[in-house]
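Please read the structure below before turning to the comments.
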Number of protein chains: 2
Amino acid sequence: MEEGTLGEPGYCCDTSDAFQWDSREDCDVRQILDRIADKWSLLVIALLDDRSMRFTELKKTIDGISQRMLTVTLRQLERDGLVSRTVHPVVPPRVDYALTPLGVGLHATIQSLVTWTESHQAEIAGARARYDAATAATASPVE
Amino acid sequence: MEEGTLGEPGYCCDTSDAFQWDSREDCDVRQILDRIADKWSLLVIALLDDRSMRFTELKKTIDGISQRMLTVTLRQLERDGLVSRTVHPVVPPRVDYALTPLGVGLHATIQSLVTWTESHQAEIAGARARYDAATAATASPVE
DNA sequence: CTGTATCCTACGCGATACTG
DNA sequence: CAGTATCGCGTAGGATACAG
């Protein structure tokens with residue numbers, strides 16, 4: 001399933017004159033952004049701060065994620081070199097996940113995003129309420 | 001349907017002792033994060049730097065986005081108070097989208113994420129190649 | 001130009017069951 | 001415990017057509 005033979009890292013999107021976000025598969029920035037900004041990836045990265053965590057521990061902490069999605073997500077992050085996977089060959093299998101140096105760098109950015117969200121959720125909620133009220137009023141001018 | 005009467009901005013997830021990401025719908029941080037980290041939202045926010053842009057302009061620049069998704073995305077962002085929508089009542093309808101003050105704040109964070117991705121795409125691509133090579137080798141130890 | 005309304009398909013993802 | 005494999009549903013989202 002992995003056509004993975006990507007000898008070409010893939011730079012394109014000539015940022016020369018006309019800036020453009022496009023080139024969906026040409027440039028992999030879009031693709032990487034998608035992976036990173038993924039619902040679960042985001043949470044895993046944010047969670048894996050300094051300490052390493054075990055599979056089950058992650059599953060418990062994130063809660064809502066299925067075993068499948070956690071596995072898939074972790075595999076992707078591992079493939080991208082953001083998370084390291086350490087298997088301890090003991091009787092009850094024990095696997096630790098931790099951020100790689102590369103992952104740590106990303107963590108900082110992600111964390112600021114999370115922090116921003118936390119400190120502005122009230123404003124967003126307010127904006128939504130206002131928008132919904134206005135919309136409802138327009139839709140059905142009750143009076 | 002709008003429990004919108006949110007005198008309560010909505011803090012839950014007691015960050016007291018045991019930190020946890022969970023509470024999917026309880027705490028809306030998760031939900032907001034999802035919206036923000038959305039594939040298209042991310043690009044729109046990143047694109048809408050200081051200047052405002054028209055609908056078609058956005059569509060052209062992002063390229064790959066369908067008209068439907070652009071509309072939906074913009075509506076969500078508008079609802080969240082991140083983007084403002086200005087309709088000019090002229091013959092050929094003209095609508096301008098721009099970041100709100102709130103949106104500007106988010107833009108900074110998003111931008112750093114984009115920048116990080118751009119400056120590390122080579123490393124990620126490398127990691128992938130390495131991972132795929134290792135995986136392929138394990139799967140079929142040709143020699 | 002800027003949307004909105006339908007239709008329809010691909011596939012993300014949860015549920016479940018089975019290995020080492 | 002830490003996965004992998006399979007099945008099946010729900011829905012995100014693209015294509016298309018129409019409207020102000």
Side-chain angles (χ1 to χ4, degrees), chain A residues 1-3 22 24-25 30-31 34-44 47-48 52-79 83-98 131 134-135 138-140, chain B residues 22 24-25 30-31 34-44 47-48 52-79 83-98 131 134-136 138-140:
Chain A
M1 32 200 80
E2 296 308 336
E3 82 295 3
D22 81 294
R24 356 191 216 177
E25 36 259 324
R30 282 274 294 268
Q31 200 234 318
D34 262 20
R35 162 102 10 116
I36 285 172
D38 170 69
K39 177 176 183 166
W40 301 122
S41 300
L42 206 68
L43 295 178
V44 170
L47 208 56
L48 246 44
S52 66
M53 295 181 75
R54 300 183 54 177
F55 187 85
T56 312
E57 192 178 3
L58 281 167
K59 190 167 187 309
K60 267 195 323 182
T61 311
I62 294 185
D63 162 290
I65 193 173
S66 63
Q67 184 170 32
R68 191 181 113 85
M69 285 319 291
L70 181 54
T71 302
V72 170
T73 301
L74 286 170
R75 281 290 179 286
Q76 292 177 335
L77 293 177
E78 188 194 356
R79 186 171 106 103
V83 163
S84 66
R85 178 169 176 273
T86 311
V87 182
H88 302 281
V90 293
V91 189
R94 178 197 176 94
V95 182
D96 284 306
Y97 291 94
Y131 181 93
T135 298
T138 303
S140 58
Chain B
D22 83 293
R24 358 195 215 174
E25 35 259 324
R30 281 275 293 267
Q31 201 235 316
D34 262 21
R35 163 103 6 119
I36 284 172
D38 169 69
K39 175 176 183 165
W40 302 121
S41 301
L42 207 69
L43 295 177
V44 171
L47 208 55
L48 246 45
S52 67
M53 294 180 75
R54 301 183 53 177
F55 186 85
T56 313
E57 192 178 3
L58 281 167
K59 190 167 187 309
K60 267 195 322 179
T61 311
I62 293 184
D63 162 289
I65 192 173
S66 64
Q67 185 170 32
R68 190 180 115 85
M69 284 319 291
L70 181 54
T71 302
V72 170
T73 301
L74 287 170
R75 282 290 178 287
Q76 293 177 334
L77 293 177
E78 188 194 358
R79 185 169 107 101
V83 162
S84 66
R85 177 167 176 273
T86 312
V87 182
H88 301 280
V90 294
V91 189
R94 179 197 176 92
V95 182
D96 283 305
Y97 291 94
Y131 182 92
T135 298
T138 303
S140 56

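Being a predicted model, the structure only gives us computed values, none of them experimental. Throughout, a chain's letter reflects where its sequence line sits, starting with A, and its residues are numbered from 1.
- Residues satisfying the salt bridge (Lys or Arg N to Asp or Glu O under 4.0 Å) criterion with A:D38, sequence neighbours excluded, are absent altogether.
- The shortest distance between side-chain heavy atoms of A:L74 and A:R85 does not fall below 4.5 Å.
- Protein atom NZ of A:K39 is 11 Å distant from nucleotide atom C1' of C:dG12, rounded to whole Å.
- Using a 4.0 Å cutoff on non-hydrogen atoms, the parts of residues 69-77 of chain A near DNA chain D are A:T71, A:R75, ordered by number.
- Rounding to the nearest 0.5 Å gives a distance of 7.0 Å between CD of B:Q76 and CE of B:M69.
- We find that CG of A:D34 is positioned 13 Å from C1' of C:dG12, with the value rounded to whole Å.
- A heavy-atom distance below 4.5 Å is found between the side chains of A:R30 and B:L43.
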*Start with the C-alpha gap between B:V44 and B:L70, add the side-chain angles, then the distance that decides, and say whether side chain to side chain contact (heavy atoms under 4.5 Å, CB included) holds.*
CA-CA 9 Å; B:V44 171; B:L70 181 54; 4.3 Å; yes
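- One atom, CD of A:E78, and another, P of D:dG3, lie 9 Å apart when rounded to the nearest Å.
- In this structure the side chain of B:L77 never reaches within 4.5 angstrom of the side chain of B:Y97, judged on heavy atoms.
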*Could you run through nucleotides 15-20 of chain D and give me one letter per nucleotide, 5' to 3': B if any protein heavy atom sits under 4.0 Å from the base, S if only the sugar-phosphate is that close, - if neither?*
B----B
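- Remark: B:Y97 is in phosphate contact with C:dG3, judged by side-chain N or O atoms under 4.0 Å from OP1 or OP2.
- Taking the side chain as every heavy atom from C-beta outward, B:S41 and B:T73 approach each other to under 4.5 Å.
- The side-chain heavy atoms of A:L58 and A:I65, taken from C-beta on, include no pair separated by under 4.5 Å.
- Rounded to an integer number of Å, the gap from B:R35 CZ to D:dA12 C1' is 13 Å.
- In this structure, B:E78 CD and B:T71 OG1 are separated by 11.5 Å, a value rounded to the nearest 0.5 Å.
- Between the CG atom of A:D96 and the P atom of D:dA2 there is a distance of 8 Å, given to the nearest Å.
- Nearest-nucleotide positions on DNA chain C place A:W40 closer to the 5' end than the other of A:W40 and A:V91.
- Nucleotide C:dG3 holds its P atom 14 Å from the CD atom of B:E57, rounded to whole Å.
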